[in-house]
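Here the structure is laid out as structure tokens; the discussion comes afterwards.
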2 protein chains.
Amino acid sequence: MKSTIPDTGVPITPPAGNGGDRQENRPEASLHGEILLRLRDYVVEGNIAEGARVPERQLCEMLGISRTPLREALKVLAAEGLIELLPNRGARVRQLSQRDLEELFDVMAGLESLAGRLACEAITDAEITAIEQLHYEMYGHYLHRDMHGYFQTNQRIHESIVAAARNETLKTAYANFAGRIRRVRYSANFARKRQRWAEAMREHEAILDALRRRAASELSDILFQHLRNKRTAAIEHLTEPQEDAPATP
Amino acid sequence: MKSTIPDTGVPITPPAGNGGDRQENRPEASLHGEILLRLRDYVVEGNIAEGARVPERQLCEMLGISRTPLREALKVLAAEGLIELLPNRGARVRQLSQRDLEELFDVMAGLESLAGRLACEAITDAEITAIEQLHYEMYGHYLHRDMHGYFQTNQRIHESIVAAARNETLKTAYANFAGRIRRVRYSANFARKRQRWAEAMREHEAILDALRRRAASELSDILFQHLRNKRTAAIEHLTEPQEDAPATP
DNA sequence: GCCGGCTATTTTGCATTCATTTTTTGTCCT
DNA sequence: AGGACAAAAAATGAATGCAAAATAGCCGGC
């Protein structure tokens, strides 16, 4: 796997003194960065139908910019897996097949499983307490059949675990994959089955228990299985959409 | 988290019939795709010093193209984490701190751990046999103190496990993270310590054993720990570079 | 002699323009 | 009327041009 770039004979070397360089990390500073953030949200929120062709022209006037920064943002979104770029035929919102979803869920499961493992090494008692708090809050939502609140709190719990892993790289990757799935989650709220719901609560209790004991391997297993079950519920839901549980008033 | 894109009132909908659309997945078809592949290899192979500023101008004439496709490729590489783009100050090869490396290794560990878990569900006997074959081959390299061959075969084993997981999404993510680390691996070949080497061999045997028994959780644990140990060896190596084991004749 | 401010040059960011490719539309022929 | 071909229209891909920011070079001051 050798690089095919013509060697100019001029080795590229650093400017000899860039150790304590300031970083200036503000993606929204440049226009393409701004565009990237807005477009990403726009896509993740499901404003564009799956597989819909998105003419650059139209997006340009929507955003009030020229095509150059837009195209740069599109390339990045494609790299992130949110859209796909067909040569000479424009950008489309990526169509997720059932298989894609399964794969995504499994990867998410792996990442959360990892997060749990790492969290056991670094999490503080205070953080555990905070998660317990969220857990009770979620339990309340469960009792009140408040799906929306339940999901929101559930997400915060999982995010807390990821945060406790003290790994920014993991956190970023997690956010990326979560974004890809969120598109689907927006249109279809799965896991509405009562039975699955109760099961999830029990699993969450097991998670907390393992976390308290800092049982890394065990927590890793539980988290993986928990996400695996979520996956199953999600796929089932997509296959035969309707179920019980009326929408909250 | 609401999108900030001005709503033109015109909902974007798909062209009503794009189910069996042909896909045409050839990244190298377009120029920016070609550039992307070449630049990525170029960076991964370590041809540019860490933290080196890379003027667009220079890269353009190196590649014989204009700035537009180059800039698009740079944006993607930045999204992949290989380089970073400082606003108004150009692209730099991403400087990996020790912490970054630790994080990357842990994420890799998580992904391989996941791969092992999934592989247990889907791997065929033939695939296991193939991995055993690689294992013996690697053992030969070990006995002959052939570091290069050892590493190469080692890598093939790990790739085989990932492949056996039957998850393209995972495979892609794995390749991405591997690329980020490979940069470092190119400049510094760690894990040269004899003791660590022997340990790694034992771990590999345990991996094979668990794989044969399709013991998912167990394999997951072993793989994670294996990568964790690799991480430790790598970090140690970077801290105090030299050790025993002379270069192969 | 060294540091700080000012100007000139370089470099980046974005818009615009040019060249292909694709898609659409219109026409002709069967 | 329906389909095939061809030309027009539109969209994408890449190059160029222009404004703003950053870097470097220069001069003066201390």
Side-chain angles (χ1 to χ4, degrees), chain A residues 10 12-39 48 51-79 83-93, chain B residues 8 10 12-18 20-39 48 51-79 83-93:
Chain A
V10 183
I12 303 176
T13 50
N18 47 359
D21 235 329
R22 67 189 187 282
Q23 296 265 356
E24 299 194 29
N25 269 339
R26 275 189 316 166
E28 68 276 19
S30 53
L31 187 46
H32 71 260
E34 165 93 14
I35 293 304
L36 178 58
L37 294 177
R38 290 170 65 178
L39 251 188
I48 309 181
R53 188 174 176 187
V54 186
E56 295 177 2
R57 193 82 174 175
Q58 189 172 342
L59 277 179
C60 281
E61 46 198 52
M62 267 174 84
L63 297 161
I65 57 166
S66 89
R67 285 174 53 214
T68 310
L70 176 80
R71 287 173 58 82
E72 292 173 348
L74 287 178
K75 296 283 183 302
V76 174
L77 290 184
I83 66 176
E84 55 187 355
L85 299 175
L86 305 173
N88 289 319
R89 301 176 64 240
R92 292 174 183 237
V93 174
Chain B
T8 56
V10 184
I12 304 176
T13 50
N18 46 0
D21 236 330
R22 66 190 188 281
Q23 296 266 354
E24 300 195 26
N25 268 340
R26 276 189 315 168
E28 67 276 19
S30 53
L31 186 46
H32 70 258
E34 164 92 15
I35 293 304
L36 179 59
L37 293 177
R38 290 171 66 179
L39 251 187
I48 309 179
R53 185 174 174 187
V54 186
E56 295 177 2
R57 193 82 173 175
Q58 189 174 341
L59 277 180
C60 281
E61 46 198 51
M62 268 173 84
L63 297 160
I65 56 165
S66 88
R67 285 174 52 215
T68 309
L70 176 80
R71 286 173 59 80
E72 293 174 347
L74 287 179
K75 295 285 182 302
V76 174
L77 290 184
I83 65 177
E84 55 188 355
L85 299 175
L86 305 173
N88 292 318
R89 298 172 73 235
R92 292 174 183 235
V93 173

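For the numbers below, each heavy atom of this structure counts, side chains included, while hydrogens, waters and symmetry mates do not. In what follows, every chain begins at residue 1, and chains take the letters A, B, ... in the order their sequences are listed. From a predicted model like this one, the values you see are computed outputs, not experimental measurements.
For the atom pair CZ (A/R38) and CD1 (A/I65), the distance works out to 8.5 Å, reported to the nearest 0.5 Å.
With hydrogens and angles left out, the side chain of B/S66 and the base of D/dA14 share no donor-acceptor pair within 3.5 Å.
Taking 4.5 Å as the limit, every side-chain heavy atom of B/H32 sits out of range of all side-chain heavy atoms of B/L36. A heavy-atom distance below 4.5 Å is not found between the side chains of B/V76 and B/L39. Looking at A/K75 and B/K75, their side chains never come closer than 4.5 Å, going by heavy atoms from C-beta outward.
What separates CD1 of A/I65 from P of C/dT16 is a distance of 12 Å, to the nearest Å. Counting to the nearest Å, the P atom of D/dT12 and the CZ atom of A/R57 are 10 Å from each other. Straight-line distance from the CZ atom of B/R92 to the C1' atom of C/dT12: 13 Å, rounded to whole Å. Rounded to an integer number of Å, the gap from CG of B/L85 to C1' of D/dA22 is 16 Å. If you take CG of B/L74 and C1' of D/dA14, they are 15 Å apart, rounded to a whole angstrom. With rounding to whole Å, B/L86 atom CG is found 14 Å from D/dA21 atom C1'. The distance between atom CZ of B/R89 and atom P of C/dG13, rounded to the nearest whole Å, is 11 Å. For the pair B/R67 CZ and C/dC14 P, the computed distance is 11 Å after rounding to whole Å.
Between A/R92 and A/E84, no side-chain nitrogen of the basic residue sits less than 4.0 Å from a carboxylate oxygen of the acidic one, so the salt-bridge criterion is not met.
Residues A/N88 and A/G64 each lie close to DNA chain C; by heavy-atom proximity, the contact nearer the 5' end of the strand is made by A/G64.
When the side-chain nitrogen and oxygen atoms of A/R71 are compared with OP1 and OP2 of D/dT12, none of them lie within a distance under 4.0 Å. Distances shorter than 4.0 Å separate some side-chain N or O of B/H32 from OP1 or OP2 on D/dA14.
Taking each heavy atom of B/E72 and A/E72 in turn, the nearest pair found is CG-CG, 4.2 Å. Among all heavy-atom pairs drawn from B/L59 and B/V54, the shortest one is CD1-CG1, 3.1 Å.
Across its full length, the helix from C/dG1-D/dC30 to C/dT30-D/dA1 shows an angle of 10° between the axes of its 5 terminal pairs at either end, rounded to 10 degrees.
Out of C/dA15, D/dA15, C/dG13, the shortest distance to the side chain of A/P69 is found at C/dA15. The nucleotide whose nearest atom lies closest to any side-chain atom of A/R53 is, among D/dA15, C/dT12, D/dT12, D/dT12.
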